[in-house]
J.: 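This is the structure, below, for whatever I ask next.
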Amino acid sequence: MKITLKDGSVKEYSEAKSIIDIAKDISEGLARVACAGEINGELVDLRTEIEGDCELNIITATDPKALYVIRHTASHVLAEAVKRLFPNAKVTIGPAIDDGFYYDFDSEPFSREDLDKIEAEMKKIIKEGHEITRFTLPRAEAIQYMEEKGEPFKVELIQDLPEDAEISFYDQGGFVDLCAGPHLMNTKGVKAFKLTSSSMAYWRGDSNKARLQRIYGTAYNKKEELAAHLERMEDAKRRDHNRLGREMELFTTVDVIGQGLPLFTPKGTKMIMKLQRWIEDLEDNEWGYMRTRTPLMAKSDLYKISGHWDHYKEGMFVFGDEEKDKEVYALRPMTCPFQYYVYKNTQKSYRDLPCRYSETSTLFRNEDSGEMHGLTRVRQFTITEGHLIVRPDQMVEEFKGCLALAKYCLETLGVNGDVTYHLSKWDPENKEKYIGEPEVWNETEQHIRDILTALDIPFVEDVGEAAFYGPKVDINAKNVYGKEDTMITVQWDALLAEQFDMYYIDQNGDKVRPYIIHRTSMGCYERTLAWLIEKYAGKFPTWMCAEQVRVLPISDKYEAYAQEVCRALKKSGVDATVDSRSEKIGFKIREARLDKLPYMLVVGQQEEADHTVSVRSRFAGDEGVKSLDNFIAEITEEIRNKTIREEMPSEEK
RNA sequence: GCUUCCAUAGCGCAGUUGGUAGCGCAACUGAUUCGUAAUCAGUAGGUCGAGGGUUCGAGUCCCUUUGGAAGCUCCA
């Protein structure tokens, strides 16, 4: 057989040979650093026997793909260490994940001290340098083997595998774990790892099943890479909006007000208002939207028509008891039906469509108490929410327009490169969660697929993520810790018009059901602000800053001029303040830097005499002396264009 | 809702085997009037989240409870 290597060279063997033996054949050095193989692009174990012609890439420790194998082996070392220290713990599963690995145990909870002990034990196991060997058993024998070892979770895993499956195990010096691999050849290959945290997890993610203890860790090829990763995690903590947003006094929470109900301070409110004014004007002036203003609550009757009463009652704040009270009200968890009744206010002709309604809409959702987090999961939030009532023949064009608007918003915020697009589909296996016919679902999903393809937007498809009334496009972003949240959603709805008896009159004078697009252009302000805080680490583009310029008089003598400068800036729409405290200029600059202000204007005798300002910015440091008029012209231009200036390297002290 | 951890001045923290509640920043008062990242001096601020228990004595140990964090589950 012929084996083509990565560099194009070809090796020929007369009989089947394992990848590790091929590596040894090439050089002993290569065999030492080999972590896995890649046969025709598929990651496989080094022990894999190659039987026919193929392309082989031997993955070495420095290859990023090796991390998956290193981490997987690290999770086995973790399991062995736990079994040594806690013999009663039962092992379950332990995969490699994006930035590390975890292993779930049925055990008493682990404390940080336990993790430290386990970490020390893992180091011992690695130092002992156990050879890792692989063997297989027929299914029945595998079950018996794991039963004898007293590992019921492993038995359950094997029972789910096909009858005729050959079950693979990995043995590292006596510790044997059911595993599909791939793994390193020796525990020594785990060179740099750290256990990061422990938490609770359910067996197979099912809250009705056993509660397990999950230990998270991370592993890298080199100690420096591990250190860099831990440094990134520290940086993420510094950027965390839930911490930085409070530090910067953008928002706060109060225990007597309640969980998931953030309060925005003047600074945070100003930022949100800048975003809101921008979006409202943009939608109304350039994208043909009409603004509505509808109630924050409604009688249960409305939600019964919309289907929310049956599908989403648990998530709503409901006032009153249906048994006792004549009328029951609920705060709205969405805007849709309210805007439908705006549409229904007058009879519409086909000429009136599309009707693009938008509203800066406050919504209420009764999330579970453990779900709330900073500004990203809250019980009251305000979203730039809209519904487009369109003729079926306009649907594709309008849906495209919604995505184009969303993309424009993301670009302006400077975050378009950080998102992923998802086509969220229904789940045909779970029909009771959705309304409408399967054919309609498949048809609309294909329409959206075509639109995304036409717009040249790369996307992934997620089963079971659709709204109950239709499929949608979700635009997701990751937070500093890599957790994904939906920022923007555009939803296709060919069904709810029926429930609300919405129609328009077509050319023939017939009543026709319109289609509906549920969409947001920038998402909800709370979540978007959280995202911006983390993206910019609090150093926002000038246009969205609550305080854009601070005028710093050298001494009290120049306060009058400083106030004059400030007034001139405010008159031009720039958010400016004066730091008139009797402090030294160095101190005022330090504070302004810590407040992450874009611009500081130092003014003293010279500036007052020449009607100039000494400009110091977050982007370029000392920008020199400019005439006041010039500075105002520049900064108003920067704000109007929503320019994102490049930050200079941090000189924080 | 579940598991673990945490809760001490406005914020960030320290507080020894249980023995008189502390530090830094901020705040306030005064002095200083200064040219690009911290001027000096002083003052005030706390039922140690709440409730109960053990003890001669609890910030510290135990129980209950409230809130926060991480993770899980859920998410129109």
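Within every chain, numbering begins at 1; the chains are lettered A, B, ... in the order of the sequence lines, protein sequences first and strands thereafter.
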J.: Do the side-chain N and O atoms of A/Thr542 and A/Gln548 include a donor-acceptor pair separated by under 3.5 angstrom?
T.: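 Distance-only check fails for A/Thr542 and A/Gln548.
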J.: When rounded to the nearest Å, what value does the distance between C1' atoms of B/rA26 and B/rC13 take?
T.: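 Those two atoms are separated by 14 Å.
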J.: Once you round it to whole Å, what is the distance between C1' of B/rA38 and CE of A/Met600?
T.: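 The answer, rounded to whole Å, is 15 Å.
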J.: Can you spot which of A/Leu388, A/Leu496, A/Thr335 makes a side chain to side chain contact (heavy atoms under 4.5 Å, CB included) with A/His518?
T.: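 Checked A/Leu388, A/Leu496, A/Thr335 against A/His518; only one passes side chain to side chain contact (heavy atoms under 4.5 Å, CB included): A/Leu496.
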J.: Would you please say whether a donor-acceptor pair under 3.5 Å links the side chains of A/Thr362 and A/Thr382?
T.: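 There is such a pair between these side chains.
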J.: Looking only at atom C1', what distance separates B/rC48 and B/rU36, rounded to whole Å?
T.: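 Their C1' atoms lie roughly 43 Å apart.
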J.: Determine which nucleotide pairs with B/rC75, using a 3.5 Å limit on both distances of a Watson-Crick or G-U wobble pair.
T.: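 B/rC75 is unpaired by these criteria.
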J.: Nearest to the side chain of A/Ser582 - B/rU32, B/rU36, B/rG71?
T.: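 Closest nucleotide among those given: B/rU32.
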J.: For B/rG46, give its Watson-Crick or G-U wobble partner with both distances under 3.5 Å, or none.
T.: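 None - no nucleotide pairs with B/rG46, as no candidate has both distances under 3.5 Å.
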J.: Has the side chain of A/Lys472 got a donor or acceptor atom that lies under 3.5 Å from a matching backbone atom of A/Ala467?
T.: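 Such a contact is absent between A/Lys472 side chain and A/Ala467 backbone.
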J.: Could you tell me whether the side chain of A/Arg71 and the main chain of A/Ala219 form a donor-acceptor pair under 3.5 Å?
T.: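 Yes, A/Arg71 side chain to A/Ala219 backbone: donor-acceptor pair under 3.5 Å.
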J.: Please tell me which of the listed nucleotides, B/rU36, B/rC72, B/rC34, lies nearest to the side chain of A/Tyr216?
T.: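 Nearest nucleotide to the side chain: B/rC72.
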J.: Check every strand shown and say whether A/Gln491 touches a base, only sugar-phosphate, or nothing at a heavy-atom separation below 4.0 Å.
T.: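 It contacts nothing in the nucleic acid.
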J.: The side chain of A/Leu594 lies closest to which of these nucleotides: B/rU36, B/rA37, B/rU39?
T.: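 Output: B/rA37.
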J.: Using a heavy-atom cut-off of under 4.0 Å over every strand shown, decide if A/Lys588 touches base, sugar-phosphate, or nothing.
T.: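 If one applies the 4.0 Å heavy-atom cut-off, A/Lys588 turns out to touch nothing in the nucleic acid.
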J.: With respect to the side chain of A/Arg593, which nucleotide from B/rA37, B/rG35, B/rA38 is positioned closest?
T.: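 Side chain of A/Arg593 sits closest to B/rA37.
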J.: Does the side chain of A/Ser358 pick up a donor-acceptor pair with the side chain of A/Arg519 at under 3.5 Å?
T.: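 A donor-acceptor contact under 3.5 Å links the two side chains.
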J.: Quick check: any donor-acceptor pair below 3.5 Å linking the side-chain of A/Arg377 to the base of B/rC75?
T.: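 A donor-acceptor contact between them is present.
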J.: How about A/Asp474 and A/Thr489: does a side-chain donor come under 3.5 Å of a side-chain acceptor?
T.: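 Distance-only check passes for A/Asp474 and A/Thr489.
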J.: Could you state the atom-to-atom distance from CG of A/Leu597 to P of B/rA37 in whole Å?
T.: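 So the CG-P distance, A/Leu597 to B/rA37, works out to 15 Å.
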J.: Would you confirm whether A/Lys344, through its side chain, and A/Asp501, through its main-chain N or O, come within 3.5 Å as a donor-acceptor pair?
T.: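 Pair found, side chain donor or acceptor close to backbone of A/Asp501.
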J.: With rounding to whole Å, what would you report as the distance between B/rG30 and B/rA44 at their P atoms?
T.: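 One P to the other, the span is 16 Å.
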J.: Would you please say whether a donor-acceptor pair under 3.5 Å links the side chains of A/Ser617 and A/Glu623?
T.: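 Their side chains do contain a donor-acceptor pair, which is all the 3.5 Å distance test asks for.
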J.: Taking any heavy-atom pair under 4.0 Å as a contact, classify A/His308: base, sugar-phosphate, or nothing.
T.: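 The residue A/His308 makes base contact.
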J.: Of the nucleotides B/rA38, B/rG71, B/rA37, which has the atom closest to the A/Arg616 side chain?
T.: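 Given the options B/rA38, B/rG71, B/rA37, the side chain of A/Arg616 is closest to B/rA37.
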J.: Considering only the P atoms, how many Å lie between B/rU43 and B/rG22, rounded to the nearest integer?
T.: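 That atom pair is separated by 15 Å.
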J.: Taking any strand in view, what nucleotide pairs with B/rC34 in a Watson-Crick or G-U wobble way, both distances under 3.5 Å?
T.: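 The answer is none; no pair meets the criterion.
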J.: Applying a 4.0 Å non-hydrogen cut-off, can you work out what A/Gly604 is touching in the nucleic acid: base, sugar-phosphate, or nothing?
T.: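 Base: the residue A/Gly604, judged by heavy atoms under 4.0 Å, touches a nucleobase.
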J.: Rounded to the nearest angstrom, tell me the gap between atom CZ in A/Arg379 and atom P in B/rG1.
T.: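 Distance check: A/Arg379 CZ to B/rG1 P gives 8 Å.
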J.: Just the rounded figure in Å: distance from C1' of B/rA26 to CZ of A/Arg246.
T.: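 So the two atoms are 19 Å apart, to the nearest Å.
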J.: What does A/Gln605 touch in the nucleic acid at a heavy-atom separation under 4.0 angstrom: a base, only the sugar-phosphate, or nothing?
T.: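 Base, at least one base atom sits under 4.0 Å.
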J.: With both distances under 3.5 Å as the test, what is the Watson-Crick or G-U wobble partner of B/rC11?
T.: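 B/rG24 - that is the nucleotide pairing with B/rC11, both distances being under 3.5 Å.
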J.: Please report, rounded to the nearest Å, how far the C1' atom of B/rU33 is from the CD atom of A/Glu608.
T.: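 It works out to 14 Å between those atoms.
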J.: Give the nucleotide from the list B/rU39, B/rC72, B/rU36 with an atom nearest to the side chain of A/Arg214.
T.: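 Closest of the options to the side chain of A/Arg214: B/rC72.
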J.: Enumerate the residues from residues 546-561 of chain A whose closest heavy atom to RNA chain B is under 4.0 Å, giving them by residue number; use none for an empty result.
T.: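 Going residue by residue through residues 546-561 of chain A, the ones with a heavy atom under 4.0 Å of RNA chain B turn out to be A/Ile554, A/Ser555, A/Asp556, A/Lys557.
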J.: Assuming nearest nucleotide by heavy-atom distance, tell me which of A/Val602 and A/Gly374 is located more 5' along RNA chain B.
T.: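 Nearer the 5' end of the strand: A/Val602.
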J.: For A/Ile585, which contact category applies under a 4.0 Å heavy-atom criterion: base, sugar-phosphate, or nothing?
T.: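 Sugar-phosphate contact only - A/Ile585 comes under 4.0 Å of backbone atoms but never of a base.
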J.: Can you identify which nucleotide, out of B/rA69, B/rU36, B/rU39, has its nearest atom closest to the A/Asn242 side chain?
T.: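 Selected nucleotide: B/rA69.
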J.: Counting only Watson-Crick or G-U wobble pairs whose two distances fall under 3.5 Å, which nucleotide matches B/rU16?
T.: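 Checking every strand shown, B/rU16 finds no partner, since no pair has both distances under 3.5 Å.
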J.: Compute the centroid of each ring, for A/Tyr343 and then for A/His387, and state whether the two points are separated by less than 6.0 Å.
T.: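 Aromatic pair excluded; centres sit 6.0 Å or further apart.
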J.: Is the A/Tyr103-A/Phe101 ring centre distance short of 6.0 angstrom?
T.: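 No: the rings miss the under 6.0 Å criterion.
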J.: Could you tell me the separation between the CZ atom of A/Arg618 and the P atom of B/rA37, rounded to a whole number of Å?
T.: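 Distance, rounded to whole Å: 17 Å.
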J.: Does any nucleotide pair with B/rA69 by Watson-Crick or G-U wobble geometry, both distances under 3.5 Å, and what is it?
T.: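 Result: B/rU4.
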J.: When you compare B/rU16 with B/rA58, how far apart are their C1' atoms, in angstrom units rounded to a whole number?
T.: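 Approximately 15 Å lies between the C1' atom of B/rU16 and that of B/rA58.
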J.: Quantified in whole Å, what is the C1' atom distance between nucleotide B/rG59 and nucleotide B/rG18?
T.: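 Here B/rG59 and B/rG18 have their C1' atoms 10 Å from each other.
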J.: Tell me if the side-chain of A/Glu607 makes a donor-acceptor pair with the base of B/rG35, cut-off 3.5 Å, by modelled atom types.
T.: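 Donor-acceptor pair under 3.5 Å: yes.
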J.: What is the distance, to the nearest angstrom, from the CG atom on A/Asp474 to the P atom on B/rC75?
T.: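 Atom-to-atom, A/Asp474 to B/rC75, this comes out as 13 Å.
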J.: Roughly how many Å apart are B/rA21 and B/rA41, using the P atom of each and rounding to a whole number?
T.: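 B/rA41 and B/rA21 have their P atoms separated by 28 Å.
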J.: Counting the atoms with a prime plus P, OP1 and OP2 as sugar-phosphate, which does A/Ser614 contact under 4.0 Å by heavy atoms, base, sugar-phosphate, or nothing?
T.: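 If one applies the 4.0 Å heavy-atom cut-off, A/Ser614 turns out to touch a base.
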J.: Strictly by Watson-Crick or wobble contacts shorter than 3.5 Å, is anything paired with B/rC61, and which nucleotide is it?
T.: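 Pairing partner, where one exists within any strand: B/rG53.
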J.: Please report the distance, rounded to the nearest Å, between CD in A/Glu591 and P in B/rU39.
T.: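 It is 9 Å, rounded to the nearest whole Å.
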J.: Taking B/rA7 as the reference, what is the distance to B/rA50 when you measure between their P atoms (whole Å, please)?
T.: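 These two P atoms come out 13 Å apart once rounded.
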